[in-house]
Participant: 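Dropping the structure in here first, questions after.
Just so it is clear, the structure is predicted and the values come from calculations on it, not from any experiment. Numbered from 1 within each chain, the chains take letters A, B, ... in sequence-line order.
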Protein chains: 4
Amino acid sequence: MSAESEDLNAIVRGARAEFRERQIVDAAVRLMQEKGTHSVSMQAIAKSCGVSVGLLYKYFSDKEQIVLAAITRVLEEFRLRVPSAIAVAGGPVDKVIAAFSEFCRVVDEQRHAVVLTYQVSRALSKQGLKSIQDQELETLQPLVDVVTAAVEAGDLRDVNAQTLGHDLMATAHMWALKHWYFQRIELDLDTYIDRQVRTLVLSNLSETARR
Amino acid sequence: MSAESEDLNAIVRGARAEFRERQIVDAAVRLMQEKGTHSVSMQAIAKSCGVSVGLLYKYFSDKEQIVLAAITRVLEEFRLRVPSAIAVAGGPVDKVIAAFSEFCRVVDEQRHAVVLTYQVSRALSKQGLKSIQDQELETLQPLVDVVTAAVEAGDLRDVNAQTLGHDLMATAHMWALKHWYFQRIELDLDTYIDRQVRTLVLSNLSETARR
Amino acid sequence: MSAESEDLNAIVRGARAEFRERQIVDAAVRLMQEKGTHSVSMQAIAKSCGVSVGLLYKYFSDKEQIVLAAITRVLEEFRLRVPSAIAVAGGPVDKVIAAFSEFCRVVDEQRHAVVLTYQVSRALSKQGLKSIQDQELETLQPLVDVVTAAVEAGDLRDVNAQTLGHDLMATAHMWALKHWYFQRIELDLDTYIDRQVRTLVLSNLSETARR
Amino acid sequence: MSAESEDLNAIVRGARAEFRERQIVDAAVRLMQEKGTHSVSMQAIAKSCGVSVGLLYKYFSDKEQIVLAAITRVLEEFRLRVPSAIAVAGGPVDKVIAAFSEFCRVVDEQRHAVVLTYQVSRALSKQGLKSIQDQELETLQPLVDVVTAAVEAGDLRDVNAQTLGHDLMATAHMWALKHWYFQRIELDLDTYIDRQVRTLVLSNLSETARR
DNA sequence: GATGAATGAGTTTTCATTCAT
DNA sequence: GATGAATGAAAACTCATTCAT
């Protein structure tokens with residue numbers, strides 16, 4: 001076999017691996033959304049994505065790795081999209097609002113996976129849990145950063161940026177966690193975002209910014 | 001057997017039953033705290049509280065009932081203590097702060113059981129889930145009520161009471177859900193309460209109240 | 001305590017014991033009829049006859065003894081009523097018909113218990129099984145006897161009495177065993193008896209008796 | 001993988017599945033013969049046929065399905081062999097005798113499984129029970145048919161065909177149900193068949209056929 | 001690379017039996 | 001005599017994981 005074709009093979013292999021992993025995680029997330037993590041068996045995942053159980057173990061060393069990959073995927077989404085939204089927004093406070101709004105939108109799109117994050121924690125190994133917590137901190141940072149910037153710009157009162165940042169994230173997560181409640185009171189996402197912006201952000205405008 | 005001793009027997013039985021139920025739920029909560037709901041087997045619960053598996057089924061018809069009892073116990077605490085704290089507090093805004101503070105304190109004392117509430121949802125039957133959601137709404141109500149009162153008294157800006165009430169509850173819950181985080185940043189409960197009061201409550205004071 | 005009152009006590013004890021045993025077996029049969037032997041627990045029997053589980057073990061050494069007692073009770077019925085019916089009947093063939101008819105009637109009254117006899121056999125100890133088989137032979141004997149007599153009287157053809165006797169018993173049992181079938185074809189007991197008498201008995205009338 | 005080898009795989013799989021199912025049902029029947037249905041655990045069946053418990057559930061969704069398969073297997077035998085025996089026999093009465101004889105022979109070969117049919121009824125679901133009753137009616141039909149034909153041909157007296165047909169089946173079943181008895185009186189199958197033919201069939205010959 | 005048959009430890013639940021009161 | 005709380009072995013069934021092909 002020539003060197004080039006070996007290279008080509010390696011590329012094909014890589015592409016295939018990536019495709020397979022995505023395929024598997026997709027199926028896992030889909031099923032876990034419907035039934036909760038623990039009721040989803042490896043057999044069910046295999047069946048749902050049309051491969052054999054054995055193959056699952058070729059790509060993931062055990063079930064935890066699949067769950068981890070699923071969660072990582074949502075968190076990835078936050079890491080990508082929230083900074084983009086911030087970049088696009090105008091002033092300091094607008095950036096805060098944009099960050100929060102986008103955060104909420106991602107949560108809404110991946111509602112079940114977000115819930116998953118809260119549900120599985122205890123079932124993960126120390127290592128796995130740590131990895132997810134670290135990633136979550138990464139998604140939190142942009143929120144803290146925009147709040148800090150807005151405070152420094154004098155547009156927000158002198159609130160604790162860490163606290164408000166975390167509150168914003170928590171409030172976004174709550175859209176998923178308490179979805180049953182918001183459904184009961186017939187609250188839609190846009191109204192939710194709007195009201196929370198008033199309650200959490202606009203209430204903390206500085207005297208200057210208020211004008 | 002005399003009538004009196006029969007009565008006595010009945011009382012003893014009742015007391016024993018109550019003791020056993022408490023014992024079982026305690027053990028269950030303790031274990032679930034450590035390992036997550038699904039990783040706790042009936043065997044483990046039995047062992048942990050020093051009784052046989054069979055006896056578990058004398059007091060609870062199935063595993064779900066134990067989980068339900070555990071959750072109900074925390075929620076009961078909220079139902080009892082939050083209104084008391086409100087009653088004792090002075091002005092409308094003080095009542096809001098008192099309600100939130102007490103809510104946080106209960107969460108702190110029952111940290112693991114609160115986390116449980118978020119974790120188990122998928123594992124419960126429709127009926128069981130509904131029952132817990134209804135109870136949770138009951139714990140939310142006092143928070144909404146004090147906010148409403150404070151708004152009507154003109155001490156809080158015209159925020160949406162439902163939103164702020166829910167935010168207060170969610171923020172309290174977060175003390176349990178994200179405990180790993182607050183531990184990492186070395187934040188203690190009192191500081192947490194204090195900062196959240198500033199961010200969520202005091203920021204929403206009306207112009208009048210601000211003076 | 002005086003000798004007389006001791007005697008009296010003994011009698012009372014005996015009467016009570018008999019009453020209790022009857023009470024327990026009654027409950028057991030009632031439940032087994034509804035649900036089959038294996039689905040009836042000692043707890044259920046105790047509850048159904050309003051005594052404690054512990055008391056069951058005062059009167060029967062284990063569950064098998066209760067089942068045995070239940071079966072013995074049906075077989076007792078055959079031992080008592082079939083000979084009576086025979087005694088009352090007129091000629092040799094009438095005695096055969098009377099025996100079979102009465103056998104069928106007892107089966108009908110204790111339908112579920114008869115089925116029980118066929119169902120439990122394998123679940124019993126060697127000893128218990130033997131005891132029931134012996135008792136069953138005792139219920140068979142009268143049938144064989146009347147057939148033998150009818151043959152010797154020259155009213156029945158020279159059939160094998162043992163065979164015909166057993167067939168008569170088996171046919172009566174079948175009324176219980178295949179009750180679902182007879183219900184489906186809407187056959188009542190009297191018609192069943194009538195047809196079987198024609199097919200099994202009258203068909204075997206001797207030339208002489210036929211006139 | 002080539003199309004041919006996929007086909008081959010499918011065939012191998014099918015063959016293996018069939019082999020396994022037979023293997024499992026065989027083991028189940030063997031054990032149930034010895035101990036009664038309820039005393040045979042899935043563990044025991046697995047052990048007896050040298051596979052794991054888990055595998056049992058690959059081939060049968062639950063225990064009932066194994067019992068059902070076992071019973072269906074016996075009934076299948078009746079459905080196949082009795083009509084064949086009828087086809088081969090000569091005159092109308094010979095057909096009746098041939099049908100009954102063959103029925104008895106199948107019972108003898110599958111003695112324990114026949115007993116099973118009578119024992120399990122209560123343990124089956126409504127659906128399962130119905131399925132077995134329907135199958136049993138199918139095995140009864142040929143017997144009723146030959147009797148009807150013999151009556152219409154004028155070779156049997158005007159007996160109720162349904163009754164006699166059912167009696168023949170019941171009598172054959174009894175060879176299994178009361179085997180302990182026939183063993184005690186040292187009666188072998190051929191003699192049993194012979195005597196029953198005299199008692200049930202020949203006794204019902206018409207005047208014409210008797211000559 | 002891919003399969004899926006096979007495993008067996010683990011889960012929830014039931015129930016005959018015992019024994020302190 | 002009578003109770004019923006307590007036991008624990010055993011049942012049916014599930015599922016993460018392995019491995020021969």
Side-chain angles (χ1 to χ4, degrees), chain A residues 9 12-13 16-17 20 38-47 50-66, chain B residues 1 5-6 8-9 12-13 16-17 19-20 38-47 50-64 66, chain C residues 9 12-13 16-17 20 38-47 50-66, chain D residues 1 5-6 8-9 12-13 16-17 19-20 38-47 50-64 66:
Chain A
N9 275 352
V12 167
R13 253 203 314 280
R16 169 149 50 184
R20 286 294 196 203
H38 281 279
S39 7
V40 176
S41 68
M42 295 298 270
Q43 271 85 353
I45 296 173
K47 194 173 183 182
V51 303
S52 67
V53 223
L55 199 59
L56 258 42
Y57 284 85
K58 280 278 186 326
Y59 291 99
F60 297 92
S61 63
D62 55 26
K63 199 184 174 186
E64 173 165 340
Q65 299 312 312
I66 298 183
Chain B
M1 194 182 278
S5 68
E6 267 179 23
L8 190 62
N9 274 353
V12 168
R13 251 203 316 283
R16 169 148 45 189
F19 168 72
R20 284 295 194 205
H38 278 281
S39 357
V40 177
S41 67
M42 295 299 270
Q43 291 287 351
I45 296 173
K47 196 173 178 182
V51 303
S52 67
V53 220
L55 199 62
L56 259 40
Y57 286 87
K58 273 262 164 52
Y59 292 98
F60 296 94
S61 63
D62 55 26
K63 200 183 175 184
E64 174 164 341
I66 297 183
Chain C
N9 275 352
V12 167
R13 252 202 314 280
R16 169 149 49 186
R20 284 294 195 204
H38 281 277
S39 3
V40 175
S41 68
M42 294 297 270
Q43 271 85 353
I45 296 173
K47 195 173 183 181
V51 302
S52 67
V53 224
L55 199 60
L56 259 40
Y57 285 85
K58 280 278 184 332
Y59 291 98
F60 297 92
S61 63
D62 55 26
K63 199 184 176 188
E64 174 166 338
Q65 299 312 312
I66 298 183
Chain D
M1 193 183 277
S5 66
E6 268 180 22
L8 189 61
N9 274 354
V12 167
R13 250 203 316 283
R16 168 148 45 188
F19 168 72
R20 285 295 194 205
H38 277 281
S39 357
V40 176
S41 69
M42 295 300 269
Q43 290 287 352
I45 295 174
K47 195 173 182 184
V51 302
S52 66
V53 217
L55 200 61
L56 258 40
Y57 287 87
K58 273 263 163 49
Y59 292 99
F60 296 92
S61 63
D62 57 24
K63 199 182 174 186
E64 174 166 340
I66 298 184

Participant: Please check the phosphate of E/dT3 (OP1 and OP2 only) for any side-chain N or O of A/Y57 closer than 4.0 Å.
Facilitator: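 Negative; the distance criterion is not met.
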Participant: In whole angstrom, give the distance that lies between atom NZ of C/K47 and atom C1' of E/dC15.
Facilitator: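 Roughly 15 Å, once rounded to whole Å.
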Participant: How close do B/V40 and B/K63 get, counting heavy atoms only, and between which atoms?
Facilitator: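 Heavy-atom minimum between the residues: O-NZ, 2.6 Å.
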Participant: Which pair of heavy atoms, one from D/D62 and one from D/Y57, lies closest together, and at what distance?
Facilitator: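 Nearest pair, atom of D/D62 first, then D/Y57: CA-CE2, 4.1 Å.
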Participant: Partner lookup for E/dT21, please. Criteria are Watson-Crick or G-U wobble with both distances under 3.5 angstrom; report none if nothing qualifies.
Facilitator: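 Here E/dT21 is engaged in a pair, and the nucleotide opposite it is F/dA2.
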Participant: Considering non-hydrogen atoms only, spot the tightest contact between C/M42 and C/L56 and give its length.
Facilitator: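 The answer is O-CD2, 3.4 Å.
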Participant: Could you tell me the separation between the CG atom of A/L56 and the P atom of F/dC15, rounded to a whole number of Å?
Facilitator: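 After rounding, the reported distance stands at 15 Å.
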Participant: For C/A46 and C/S52, which heavy atoms make the closest approach, and how far apart are they?
Facilitator: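 It is CB-C, 3.9 Å.
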Participant: Extract from the structure each pairing of a protein N or O with an N or O of nucleotides 8-11 of chain E at less than 3.5 Å, listing the distance.
Facilitator:
none

Participant: Rounded to the nearest 0.5 Å, how far apart are CZ of B/R16 and OH of B/Y59?
Facilitator: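 Between B/R16 CZ and B/Y59 OH, I get 6.5 Å after rounding to 0.5 Å.
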Participant: Judged by each residue's nearest nucleotide on DNA chain F, which is more toward the 5′ side, B/G50 or D/D62?
Facilitator: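 In this pair, the answer is B/G50.
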Participant: Is F/dC13 paired to anything, Watson-Crick or G-U wobble with both distances less than 3.5 Å, and if yes, which nucleotide?
Facilitator: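 Partner of F/dC13: E/dG10.
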Participant: Between F/dA16 atom P and A/I45 atom CD1, what is the distance in whole Å?
Facilitator: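 A/I45 atom CD1 is separated from F/dA16 atom P by 8 Å.
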Participant: Considering just the side-chain nitrogens and oxygens of A/R20, establish if one lies under 4.0 Å of OP1 or OP2 belonging to E/dA2.
Facilitator: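 So the side-chain polar atoms of A/R20 do come within 4.0 Å of the phosphate oxygens OP1 or OP2 of E/dA2, strictly under.
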Participant: Tell me which of D/R16 and B/K58 sits closer to the 5' end of DNA chain E, going by the nucleotide each one is nearest to.
Facilitator: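 Going by which nucleotide is closer to the 5' end, it is D/R16.
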Participant: Does E/dA5 have OP1 or OP2 under 4.0 Å away from a side-chain N or O of D/Y59?
Facilitator: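 No, because none of the side-chain N or O atoms of D/Y59 sits under 4.0 Å from OP1 or OP2 of E/dA5.
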Participant: Starting from C1' on E/dT12, measure out to CZ on B/F60 and report it in whole angstrom.
Facilitator: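 Result: 16 Å.
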Participant: How long is the line joining CD of A/E64 and P of F/dC15, in whole Å?
Facilitator: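 Going from A/E64 (CD) to F/dC15 (P), I get 18 Å.
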